[in-house]
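Remarks on the structure that follows.
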Amino acid sequence: MSTFQRYDPQTIEPKWQHRWESEKTYACTEDPTKPKYYVLEMFPYPSGNLHMGHVRNYAIADVVARFRRMQGYNVLHPIGWDAFGLPAENAAIKHGTHPAKWTYANIDNMRSQLKSLGYSYDWDREIATCHPKYYRWEQEFFLRCLEKGLVYRKKATQNWCPKCNTVLANEQVVDGLCWRCDSHVQQKELTQWFLKITAYAEELLADLKKLEGGWPDRVLSMQRNWIGRSEGAELIFPLEDGKGQIPVFTTRPDTVFGVTFMTLAPEHPLVKELVAGKPNEAEVLRFVERVRNMDRIDRQSDDLEKEGMFTGAYCLHPFTGERVPIWLGNFVLAEYGTGAVMAVPAHDQRDFDFAKKYGMAIRPVVQPEGAALDGATMTEAYDGPGTMINSGEFNGMPNEQAKSAIIEALHKIGRGRKTVNWRLRDWNISRQRYWGAPIPVIYCDKCGMVPVPQKDLPVILPTNVQTYPDGRSPLPDTPEFVECTCPVCGGKARRETDTMDTFVESSWYFARYTAARKEDAPFDPAALAYWLPVDQYIGGVEHAILHLLYARFFTKMLRDFGYFPKNISEPFTNLLTQGMVLKDGSKMSKSKGNTVDPTAMIAKYGADTVRLFCLFTAPPERDFDWSDSGIEGSYRFLSRIWRLYGDVRDIIMPVAACSSTAKDAAVSPLAREIRLKEHATVKKAGEDIGNRYQFNTGIAAVMELVNALYLAKDELSATEQGRKVLSSAISTVLTLMSPVTPHLCEELWADLHRNTEPSMLEQQPWPQWREDALKRDVLTVVIQINGKLRSKIEVAADASKEELEHAALADPTAARHLEGLTVRKVVVIPGRLVNIVAN
RNA sequence: GGCCGGGUGGCGGAAUGGCAGACGCGUCUGACUCAAAAUCAGAUAUCCUUCCGGGUGUGAGGGUUCAAGUCCCUCCCCGGCUACCA
């Protein structure tokens, strides 16, 4: 009887964590002799405490990192803090502290929480984006953008969150609400800084192709939707009075002969001119005002009643010269296309509804096969394919062909061209808040806007300021910050007081990790070339558009600036979007009171159990519901490994995984069975944990092996060879589980080697399964009759097709089912089944 | 409306076109115990049948195939993204 103690994670976990920390076990450097692997999780915002979503995210990443190390990769697995942002300011206001103090205290707390989970980070590379040594490089990138014209200042109507007291990027407005606080977003006219992400629209879209297979389809599809490429043509309709023209964007140039009116957005810049002096001028302007003042959400809602008004003006059809009345329509968006739409009621439902309401002509120009459209009797628009009619020289063409023919004809007369329209807008990065990276720009009355010279970077965010209770930025009222001298003329000047959107910091942090301590440059070219791109990125799907689009944009831009190697166009080769951790079917939140505190769970069950539960309960991409009995089950399994080890501790040997031989296994059928199971488990777990990231099934396979060992251990213990088989299988269990539950496995491995050279499990190679160990002499083959399972037979593994067929037909159970039937066909799948077709 | 996911026991979830429900949770039975807990062993889709066994079953309906949860078509439902996008 062994005196081995019971499983006590509270003593073994801190022990290994201290050892990993003091020995810097997971620090890494570039090593050209080894293949590299860069595993990265989306870094946390230092909100105060880890939540279960973090724990799950980082558990997934840690398994990948540990697995790759055991496979012989040189693994980079860093962590840091996305440390600028509004919650710090709000908390500081609420608790009367300073955002910096609050942030750094949270980082300290969360760092120790991460350490208590045993994640294998290279802590030497830890970064915090609020540190000047980090954001100074961002300011440098900003200056490069200025030089290249990739950042510009523009006065425009912007999304304004009244609660956060700042503007928001389009990507940060969700259903008309602020992504952070759910406030109703207002529209405000402001001068703001924009990053020209649209300059990369084409490449951002095209390169999604490169990510197919590595990224989830739905993320690719979300990005495609967001970028929103739309191919069509810009057509020009000259004004009747000859004083200008109206360009329109259309995806249906083939329907141009069906145009019976023109619809402009009420905000269209030409409206004032068009109605000037017209009889209903005042009425039209009132309409414009009314629509303009409508709430944005109401205006874009589905059930907005289509309303319009005739301006009194006309333009001319580009081909026929026919007079086309110009209307205003409340459903036309000023910010998409040209803000003007050529209306073809016969082939566009919106135009159809509008034409019906206001009595405009409906003229079909695309005839579907086998039907004759009549504008007078149509009940809805026809938007399908067909043959051109009522379209002059284009009549008789298939409409798809007419699209390009018409564009070409218009091009010849200077009235149109092929164009592409994008949904993507430039990225507004100005924020009217304090806790962010200052925009390195100075305004001088004489010289205008002047970039801060590179030598004066960083522009440090002053920390000796008091935040205001209403959240307004204190920067404009901080003379030490604002007042400066103009770098050009030396005169008095003012600093920009807007800070950068925090998504700018997270757009390039993955690259900074490759040389996190470098002081004289943002990156080390050799380190970048070695580590980039990130091989596996892991995080929540809520960043499918925001962060992941911005980071892709930055990668391309920094490549073009010469910071990144030329061949790096995409930052993240593979992306895994992990699901949420729910409680009682809904997202954990303090307000609902359904949170599960990771620290409490670690205290109760240990980090290994928490990690195991997060990985075992569901496949990583799926949401899962936290279950108290589920985590009990995970704890039970670890206790079971511990007990199994304890039971056989005194009779097993410190051997490598998969070390028992066929000769050892020959001692008994059971020994052979166990060795086979051991190798089959290595095959399955390696595939599931290492390649497919289906940790739940990989762990399930190890559970099966453990179950089998429980049943076999007494018999195997009886012989020397049996003990070898058992020892090998136990080592295999510990090795396979070590990426998931490193503390327990390391502890048992150390105990196993108590009388030998000290050896770390994590330095062991991932086990190799052997084909010959998976071979059986006798197999069970299923007999189906007409596709239904009827019997099973044991046959020699090398039985020929003929032998199998013969054996199946001779099987008494099969014979009984075949009574009175004639066998028509026999399908034999060697090693699997025999299907007898009979009637 | 468009695009992308998904629908399998009481629950979480498994199944390269080849034994549906692995593994875990829960439940039940047995062993151990004075007893309970823990642990160990076993059972657990559903219906019919005393047993042997048989029928049915992966959202619905068709199809392909010797064989379909898996492939194809039509449809329903749930989730996500996008949307009067011209």
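We name chains A, B, ... by the order of the sequence lines, and we start the count at 1 in each one. Below, all heavy atoms of this structure are taken into account, side chains as well, without hydrogens, waters or symmetry copies.
Ring-centre distance between A:F613 and A:W626: below the 6.0 Å cut-off. Note: A:F261 and A:F354 meet the aromatic proximity criterion, with ring centroids under 6.0 Å apart. For A:W226 and A:Y550, the gap between ring centers reaches or exceeds 6.0 Å.
For A:I545, counting side-chain heavy atoms from C-beta on, the closest listed nucleotide (B:C84, B:A14, B:C81) is B:C81. When distances are taken from the side chain of A:R622 to each of B:A14, B:U16, B:C4, the shortest belongs to B:A14. Considering only side-chain atoms of A:R692, the nucleotide from B:A15, B:C25, B:A41 that sits closest is B:A15. Closest contact between the side chain of A:E704 and the listed nucleotides B:G26, B:A22, B:A14 involves B:A22. With distances taken from any side-chain atom of A:A700 to the nucleotides B:G80, B:G55, B:A22, the minimum falls on B:A22. Relative to the side chain of A:D217, the nucleotides B:C85, B:G5, B:G18 differ in distance, and B:G5 lies closest. Ranking B:A41, B:C4, B:C25 by closeness to the A:R640 side chain, first place goes to B:A41. The side chain of A:Y336 lies closest to B:C85, out of B:A83, B:G24, B:C85. Of the candidates B:C23, B:C19, B:G18, the closest approach to any side-chain atom of A:F616 belongs to B:C23.
Taking atom P on both B:C23 and B:G17, the two are 22 Å apart, rounded to the nearest angstrom.
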Heavy-atom protein contacts under 4.0 Å, nucleotides 61-76 of chain B, coded B base, S sugar-phosphate only, - none:
-----BS---------
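Residue-level contact check: A:N707 touches the backbone only, with heavy atoms under 4.0 Å from sugar-phosphate atoms and none from bases. Among the atoms of the strands shown, none is found under 4.0 Å from any heavy atom of A:P216. If you check every strand for non-hydrogen atoms under 4.0 Å, A:G633 touches sugar and phosphate atoms only. Among the atoms of the strands shown, only primed sugar atoms or phosphate atoms (P, OP1, OP2) are found under 4.0 Å from some heavy atom of A:L711.
Of the N and O atoms on the side chains of A:N225 and A:R423, not one donor lies less than 3.5 Å from an acceptor on the other residue.
Put simply, A:R790 has no side-chain N or O that comes within less than 4.0 Å of OP1 or OP2 on B:G53.
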Would you mind writing out the side-chain donor-acceptor pairs for residues 248-257 of chain A within the sub-3.5 Å range, not counting sequence neighbours?
from   : atom 1 : to     : atom 2 : distance (Å)
A:T250 : OG1    : A:R252 : N      : 2.8
A:R252 : NE     : A:D254 : OD1    : 3.1
A:R252 : NE     : A:D254 : OD2    : 3.2
A:R252 : NH2    : A:D254 : OD2    : 3.0
A:D254 : OD2    : A:N399 : ND2    : 3.0
A:T255 : OG1    : A:R252 : O      : 2.8

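Screening A:Y645, A:F637, A:Y635 against A:Y7 for a ring-ring contact (aromatic ring centres under 6.0 Å, His included) leaves a single residue, A:Y635.
Proximity of A:N835 to A:I829: side-chain heavy atoms (C-beta onward) are nowhere separated by under 4.5 Å.
Of the nucleotides present, B:G30 is the one that pairs with B:C40 by Watson-Crick or G-U wobble criteria, both distances under 3.5 Å.
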